[in-house]
Chemist: 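Here you go, one structure.
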There are 2 protein chains.
Amino acid sequence: MSANSAFEEYLRESDYSVTRARRLVFAALENQEPQSIAELLKNLTSIDRASVYRTVTLFEKLDIVRRIQIGWKYKLELTEQFNFHHHHLICKNCGTIIPLRENPTIEASILALATEYGFKPIDHQLEIQGYCSTCLQKMTPAK
Amino acid sequence: MSANSAFEEYLRESDYSVTRARRLVFAALENQEPQSIAELLKNLTSIDRASVYRTVTLFEKLDIVRRIQIGWKYKLELTEQFNFHHHHLICKNCGTIIPLRENPTIEASILALATEYGFKPIDHQLEIQGYCSTCLQKMTPAK
DNA sequence: GCTTTTTCTGCAAATTTATCGCAATTTTTG
DNA sequence: CAAAAATTGCGATAAATTTGCAGAAAAAGC
C-alpha cells in the first residue's frame with residue numbers, strides 16, 4: 001500500500017509529514033480551476049480554517065501552489081510541478097479564466113530577458129486581462 | 001493655472017471628481033517602487049484609511065493602478081497609462097524588484113497568443129521570480 | 001463669485017480574513 | 001508497539017477591508 005503520489009514523496013523529501021489535512025488540501029486543488037481561500041474552506045469542512053491557512057502557506061513555500069491575482073482578489077492553483085505550466089487569459093467582463101498551454105516562443109524570450117540582467121529565473125507568471133470572444137460578441141452591437 | 005495633469009483630465013473624462021485624496025494617492029504612487037497598502041497608508045496620514053481603500057479600488061477600476069504579486073503579499077503601482085509599461089524581476093532571496101523595460105519580442109508574442117483565442121487583450125503582467133546577480137554571487141561559494 | 005446639487009470623505013462600527021498559543025492528536029521513528 | 005516529533009483543532013486575537021451616514025469638498029448653474 002505504498003501508493004505514494006509524487007506529491008507525498010515531495011513532502012517527505014522536504015522533511016514534512018504527510019498528513020490528512022495536507023492530502024485533502026492538495027486533492028481539493030488538483031485538476032480544478034483556481035480557487036479562492038474561501039472556496040477552499042467551503043470544500044474542506046473537515047479541516048480547520050487555521051490548518052488550511054497553514055497548509056497553503058507551507059505549500060507556497062514549497063512551491064506546490066501559487067496565487068494568481070483576479071482583480072482585487074486572489075486564487076490558488078497548483079504550480080507547474082503538479083500541473084502543466086501555463087498562463088491565463090482573464091476576462092474583465094465575465095471573469096472567466098482561460099488557461100493557456102505553454103508557448104515555446106514566449107517561454108524562451110522570458111528566460112533570455114531575465115538572463116540579460118544576470119538574473120537566474122526560477123519561475124514566472126503571465127496574466128493577460130481583456131475580453132473573451134463570448135463577451136466581445138455581446139458587446140459589439142452596443143457601439 | 002489650469003495645469004491639469006493627464007491624470008486629472010482622465011478622472012474628469014471618466015466622470016469622477018478631482019479631489020484632494022485622489023491627487024494625493026496618485027502622487028504617492030507616481031515615480032515610486034510598487035507599494036503595499038500598508039505603505040501607502042503610512043505615507044498618507046492626512047487621508048482616512050477608508051478613503052485610501054476607496055480610492056485604490058476606483059483607480060483599479062479605471063485602470064490607473066494595478067496589483068503585482070510579491071510572494072504572499074501584493075503591491076500597487078501605476079499602470080502603463082501613467083508609467084512606462086514594464087515587467088519585474090523579483091529576487092527570491094533579497095526581495096529586490098528589478099523593473100524591466102518593455103521588450104518588443106515578448107509584447108508581440110503575448111498579443112499574438114491572446115488573439116489566437118479570440119481574446120482581446122487589454123493589459124497583462126509578467127512577473128519573474130529567481131535570484132539576482134548580487135545574491136547569486138553570495139550564494140555560489142556555499143556550494 | 002455665490003448658491004444649489006452632487007459627489008466625496010472622515011469617522012466609528014461592523015465584517016471579513018488571517019494568525020497565534022497551546023493542549024490533544026496524528027505521524028514518524030526505531 | 002512505544003516514544004519522540006510534528007501537526008491539528010480550538011478559542012481567542014489581531015489585522016485587513018468594508019459600510020452607513022452626516023458633514024465637507026467639488027462640480028454645476030446662474
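Just so it is clear: chains get the letters A, B, ... in the order the sequence lines come, proteins before strands, and each one is counted from 1.
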Chemist: List the atom pairs, donor and acceptor, that lie under 3.5 Å between side-chain atoms in residues 109-123 of chain A and the rest of the protein, sequence neighbours left out.
Modeler:
| from | atom 1 | to | atom 2 | distance (Å) |
| --- | --- | --- | --- | --- |
| A:Ser109 | OG | A:Thr105 | O | 2.7 |
| A:Thr115 | OG1 | A:Leu111 | O | 2.7 |
| A:Asp123 | OD2 | A:Gln125 | NE2 | 3.3 |

Chemist: Rounded to whole angstroms, how far apart are CG on B:Leu58 and C1' on C:dC8?
Modeler: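 Taking atom C1' of C:dC8 as the reference, CG of B:Leu58 is at 11 Å.
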Chemist: Starting at the 5' end of DNA chain D and moving along, which residue's nearest nucleotide shows up first, B:Thr19 or A:Arg20?
Modeler: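 Whichever sits nearer the 5' end wins; that is A:Arg20.
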Chemist: Any base atoms under 4.0 Å from A:Arg22, or only sugar-phosphate, or nothing? Heavy atoms, all strands.
Modeler: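 Sugar-phosphate, no base atom in range.
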Chemist: Name the closest nucleotide to the B:Arg54 side chain, picking from D:dT17, D:dC21, C:dT19.
Modeler: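 It is D:dC21.
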Chemist: Does D:dT18 have OP1 or OP2 sitting under 4.0 Å from an N or O in the side chain of B:Tyr53?
Modeler: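 Answer is no, no contact under 4.0 Å.
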Chemist: Students often get this wrong, so: under 4.0 angstrom with heavy atoms, is A:Ala21 touching a base, only sugar-phosphate, or nothing?
Modeler: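 Sugar-phosphate, backbone atoms only, no base.
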Chemist: Measure the shortest side-chain to side-chain distance between B:Glu8 and B:Arg22 over non-hydrogen atoms and say whether it is less than 4.5 angstrom.
Modeler: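 No - every pair of side-chain heavy atoms lies 4.5 Å or more apart.
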Chemist: Which distance, rounded to the nearest 0.5 Å, do you find between the CG of B:Leu41 and the OH of B:Tyr53?
Modeler: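 Result: 6.0 Å between the selected atoms.
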Chemist: Between A:Tyr74 and C:dA18, does any side-chain N or O lie under 4.0 Å from OP1 or OP2?
Modeler: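 Yes, within the criterion.
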Chemist: Spell out yes or no: do the side chain of A:Arg49 and the base of D:dG11 have one donor N/O and one acceptor N/O closer than 3.5 Å?
Modeler: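 Under the 3.5 Å cut-off, the side chain and the base do not form any donor-acceptor pair.
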Chemist: Would you check if the side chain of B:Thr96 reaches a backbone N or O of B:Cys91 as a donor-acceptor pair within less than 3.5 Å?
Modeler: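 The answer is no, because no donor-acceptor pair under 3.5 Å joins these two groups.
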Chemist: Which value, rounded to the nearest 0.5 Å, describes the distance between A:Glu77 atom CD and A:His88 atom NE2?
Modeler: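 That separation rounds to 4.0 Å.
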Chemist: Five pairs per end, C1' atoms only: what is the angle between the end axes of the helix from C:dG1-D:dC30 to C:dG30-D:dC1, to 10 degrees?
Modeler: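 For the helix from C:dG1-D:dC30 to C:dG30-D:dC1, the axes at opposite ends meet at about 60°.
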Chemist: Would you sort out whether A:Tyr16 and A:Leu62 count as a side-chain contact (heavy atoms from CB on, under 4.5 Å), showing the intermediate values?
Modeler: CA-CA 10 Å; A:Tyr16 287 96; A:Leu62 297 181; 4.0 Å; yes
Chemist: Using atom CD of A:Glu13 as one end and atom C1' of C:dT28 as the other, report the distance to the nearest whole Å.
Modeler: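 A:Glu13 atom CD is separated from C:dT28 atom C1' by 17 Å.
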Chemist: Counting side-chain heavy atoms from CB outward, which of D:dT7, C:dT28, D:dT19 is closest to A:Val18?
Modeler: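 Looking only at heavy atoms from C-beta outward on A:Val18, the closest nucleotide is C:dT28.
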Chemist: Starting at CD1 of A:Ile37 and ending at C1' of D:dA16, how long is that distance when rounded to a whole Å?
Modeler: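 From A:Ile37 CD1 to D:dA16 C1': 14 Å.
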Chemist: With a 3.5 Å distance limit and no angle check, can you tell me whether B:Gln35 reaches the backbone of B:Ala28 through a side-chain donor-acceptor pair?
Modeler: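 Indeed, once roles are kept as given, a pair shorter than 3.5 Å links the two residues.
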Chemist: Give the nucleotide from the list C:dT7, D:dA6, C:dG10 with an atom nearest to the side chain of B:Ser17.
Modeler: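 Among the listed nucleotides, the one closest to the side chain of B:Ser17 is C:dT7.
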Chemist: Over how many whole Å does the gap from B:Arg67 atom CZ to D:dT17 atom P extend?
Modeler: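 Between P of D:dT17 and CZ of B:Arg67: 7 Å.
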Chemist: Which whole-number value in Å describes the distance from A:Lys75 NZ to C:dT17 P?
Modeler: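 Atom NZ in A:Lys75 sits about 13 Å away from atom P in C:dT17.
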Chemist: Do B:Phe26 and B:Phe82 have ring centroids that are under 6.0 Å from one another?
Modeler: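 Centroid distance B:Phe82-B:Phe26: below 6.0 Å, so yes.
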Chemist: For a quick check under 3.5 Å, do B:His124 and B:Glu80 share a side-chain donor-acceptor pair by atom type?
Modeler: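 No, B:Glu80 and B:His124 have no side-chain donor paired with an acceptor closer than 3.5 Å.
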Chemist: When rounded to the nearest 0.5 angstrom, what is the spacing between CZ in B:Arg23 and CG in B:Leu11?
Modeler: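 One gets 9.5 Å once the value is rounded to the nearest 0.5 Å.
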Chemist: To the nearest Å, give me how far apart CG (A:Leu11) and C1' (C:dT27) are.
Modeler: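 Result: 12 Å.
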Chemist: In whole Å, I'd like the distance from the CG atom of A:Leu24 to the C1' atom of C:dT27.
Modeler: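 Taking atom C1' of C:dT27 as the reference, CG of A:Leu24 is at 15 Å.
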Chemist: Among residues 38-47 of chain A, which contact DNA chain D at a heavy-atom distance under 4.0 Å?
Modeler: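 Heavy-atom contacts with DNA chain D come from A:Ser46, A:Ile47.
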Chemist: Output the single nucleotide from D:dA27, C:dC8, C:dC11 whose closest atom is nearest the side chain of B:Arg12.
Modeler: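 Selected nucleotide: D:dA27.
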Chemist: Provide, to the nearest angstrom, the distance between the CG atom belonging to A:Asp48 and the P atom belonging to C:dT25.
Modeler: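 Atom CG in A:Asp48 sits about 15 Å away from atom P in C:dT25.
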